[in-house]
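A short write-up of the structure that comes next.
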Amino acid sequence: MGVVAVKTGTIQLDGVGDHQGHAIRTRAQRGGYVPQGREIFGRLTVQENLRMGLAYRRRGACDSRRLFELFPVLKQMINRRGGDLSGGQQQAASDRRALWPRDPSC
């Protein structure tokens, strides 16, 4: 993410070369960012937590039908608060939050 300086090599994403000179925000927008601590908002529902991944987008709403293809367990928990999820469930929500903006349905 650019927090630690790269000593050697390059970083590529989807075949696009060196990303070392890009700001952290730009890198996150291109590929998502899943923090080690998951950073789930405990008082927000799963659905609200997932929508946080779309906050920077200027386009309209995404097609939520594809939202659950990778993580179907989240569909059952869409209205549960993030703080009520197990660690693994929080990780799934955090991963999907990062991936959703890159979904072609968006």
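Below, all heavy atoms of this structure are taken into account, side chains as well, without hydrogens, waters or symmetry copies.
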Margin query: Grouping I, L, V, M, F, W and Y whenever their side-chain heavy atoms are under 4.5 Å apart, do V73 and L50 come out in a common cluster?
Written below: yes

Checklist line | Sequence-distant partners of Q76, side-chain hydrogen bond (donor to acceptor under 3.5 Å, both in side chains), two or more places apart | finding: none

Using distance only, find each side-chain donor-acceptor pair of residues 78-85 under 3.5 Å and give its atom names and separation, not counting sequence neighbours.
{"residue": "R80", "atom": "NH2", "partner": "D84", "partner atom": "O", "Å": "2.8"}

Starting at [atom1] of [X], measure out to [atom2] of [Y] and round the result to the nearest 0.5 Å.
X: N49; Y: R96; atom1: CG; atom2: CZ; result: 14.0 Å
X: T45; Y: M77; atom1: OG1; atom2: CE; result: 13.5 Å
X: Q90; Y: E39; atom1: CD; atom2: CD; result: 10.0 Å

Next item on the list: Determine, stepwise, if the pair V46 / Q89 fulfils side chain to side chain contact (heavy atoms under 4.5 Å, CB included).
Entry: CA-CA 10 Å; V46 170; Q89 292 164 339; over 6 Å; no

Item checked: Note, F41 side chain near E48 side chain (heavy atom, < 4.5 Å) -> no

